[in-house]
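This chain uses plain numbering: 1 for the first residue, then up along the sequence.
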Amino acid sequence: MDERLRRWRMVLGGDADGTGCSLTGTDAQMDGALAALYNGGGAGAGERSGGLGASAPRVARWLGDIRSYFPSTVVQVMQKDAVQRLNLTRLLMEPEMLEAVEPDVHMVGTLLSLNRVMPEKARESARALVRKVVSELERKLVQRTKAAVTGALDRSARTHRPKRVADIDWDRTIRVNLKNYLPDRNTVIPSRLVGYGRRQRAVQREVVLCIDQSGSMAASVVYSSVFGAVLASMSSLRTSLVVFDTAVVDLTDQLHDPVELLFGTQLGGGTDINRAIAYSQGLITRPTDSIFILISDLYEGGVREEMLRRVAQMTAAGVQVIVLLALSDEGAPFYDHDNAAALAAMGVPAFACTPDAFPDLMAAAIERRDVGQWAERALGRSAG
């Protein structure tokens with residue numbers, strides 16, 4: 001068979017009439033798996049030539065098939081499409097189906113949204129899948145996050161008696177000694193040294209992660225929980241984590257186990273950002289040493305003016321406030337542009353951040369660099 005015709009046949013689907021060729025063997029099986037999902041349109045369409053029916057065993061077999069035919073990145077896309085197009089959320093509560101699923105962040109988000117209605121027999125399978133995803137994320141993110149945060153804490157602690165040449169902050173040292181510049185020798189005589197402090201055991205920063213758990217923020221909730229657990233393991237930080245919809249839940253005591261933390265969330269529902277910020281204000285005891293990170297699409301169901309007033313209070317007290325419109329790999333999120341603009345006018349940056357960039361964001365915040373400028377440089381987007 002002509003390879004070009006074969007590829008067009010796989011892309012177009014349907015029977016052989018359109019291309020004049022038919023598929024056999026593995027190609028036919030791959031085509032069948034694709035047809036079961038994509039032939040006939042999405043959810044709410046009319047009759048489709050394919051379909052997975054309402055049988056959990058059949059769906060489980062289909063999930064196993066696509067894992068054998070396609071790479072994991074394609075499998076994850078197909079799983080997400082199957083949930084949306086074929087309304088498979090009910091079947092996701094079946095253990096045999098969960099065991100066939102390719103674990104990924106989106107599937108975790110779907111399972112968490114079903115957490116309160118999931119039967120007990122499916123809960124352990126769901127927990128195992130979530131733990132697998134969390135373990136993989138920790139493997140990728142823990143070391144880099146700790147290195148970035150530890151380095152930033154070291155650099156942010158200044159001393160006028162650096163013990164080693166490597167500890168001297170030459171930029172600051174030159175700036176404070178410009179009065180000692182000798183034009184004839186084109187040099188600066190450093191009468192005063194400024195250096196980096198080294199590891200302090202005391203808490204140096206308070207970090208409050210405030211996470212919107214509305215359905216559209218599912219991936220952000222997963223990543224935020226993992227990062228929260230990493231930050232909580234560092235003795236130089238005092239980390240708190242709260243999630244909110246129209247109510248606020250403090251999950252700080254579960255930061256030692258991000259899987260338990262995730263099962264403590266409830267994806268979906270309304271949003272009251274003002275109430276969440278009010279609660280978070282009560283967690284901050286050292287404003288000038290505190291970083292408050294609101295992770296939300298900023299669609300406020302509470303009192304907008306009060307929300308903005310509370311943010312202004314926090315910044316006036318010295319709290320470094322950052323708004324992440326998303327913490328995920330999803331790209332540009334949907335968000336409330338008016339609220340983002342109002343926050344930007346107060347000097348509070350609001351932007352989407354990828355998980356890979358979050359460690360460097362934390363480093364910039366700890367060193368009190370301009371986070372808006374950091375976002376433009378590191379993420380290639382304006383903040384606000």
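Salt bridge Glu260/Arg127: present, at least one basic N to carboxylate O contact under 4.0 Å. With respect to the salt-bridge test (charged N to carboxylate O, under 4.0 angstrom), the residues Lys140 and Asp356 do not qualify.
For the 3.5 Å distance criterion, the side chains of Ser214 and Asp212 qualify, holding a donor opposite an acceptor.
Environment of CD in Gln313: crowded, with over 12 heavy atoms of neighbouring residues, nucleotides or ligands closer than 6.0 Å.
Listed for the Arg275 side chain is a donor-acceptor partner under 3.5 Å among the backbone atoms of Thr246. Without hydrogens or angle criteria, Thr110 side chain to His106 main chain gives a donor-acceptor distance under 3.5 Å. Panel note: side chain Arg205, backbone Ile366; a donor-acceptor pair is recorded below 3.5 Å. Glu206 contributes a side-chain N or O that, together with a main-chain N or O of Thr285, makes up a donor-acceptor pair within less than 3.5 Å. Although no hydrogens or angles enter the test, the distance criterion places a donor-acceptor pair under 3.5 Å between the side chain of Glu300 and the main chain of Asn274.
For the ring-ring contact (aromatic ring centres under 6.0 Å, His included) test, no residue two or more places apart in sequence or in another chain qualifies with Phe292.
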Distance-only donor-acceptor hits, side chain of residues 301-308, under 3.5 Å, sequence neighbours excluded:
unit_1: Arg304; atom_1: NE; unit_2: Asn339; atom_2: OD1; d: 2.4
unit_1: Arg304; atom_1: NH2; unit_2: Asn339; atom_2: OD1; d: 3.4
unit_1: Glu306; atom_1: OE1; unit_2: Arg309; atom_2: NE; d: 3.3
unit_1: Glu306; atom_1: OE1; unit_2: Arg309; atom_2: NH2; d: 3.4
unit_1: Glu306; atom_1: OE2; unit_2: Arg309; atom_2: NH2; d: 2.4
unit_1: Glu306; atom_1: OE2; unit_2: Arg310; atom_2: NH2; d: 3.4

Open item on the list: As a quick check of understanding, evaluate side-chain contact (heavy atoms from CB on, under 4.5 Å) for Val348 and Met314, giving each step before the final call.
Closed with: CA-CA 11 Å; Val348 175; Met314 295 174 78; over 6 Å; no
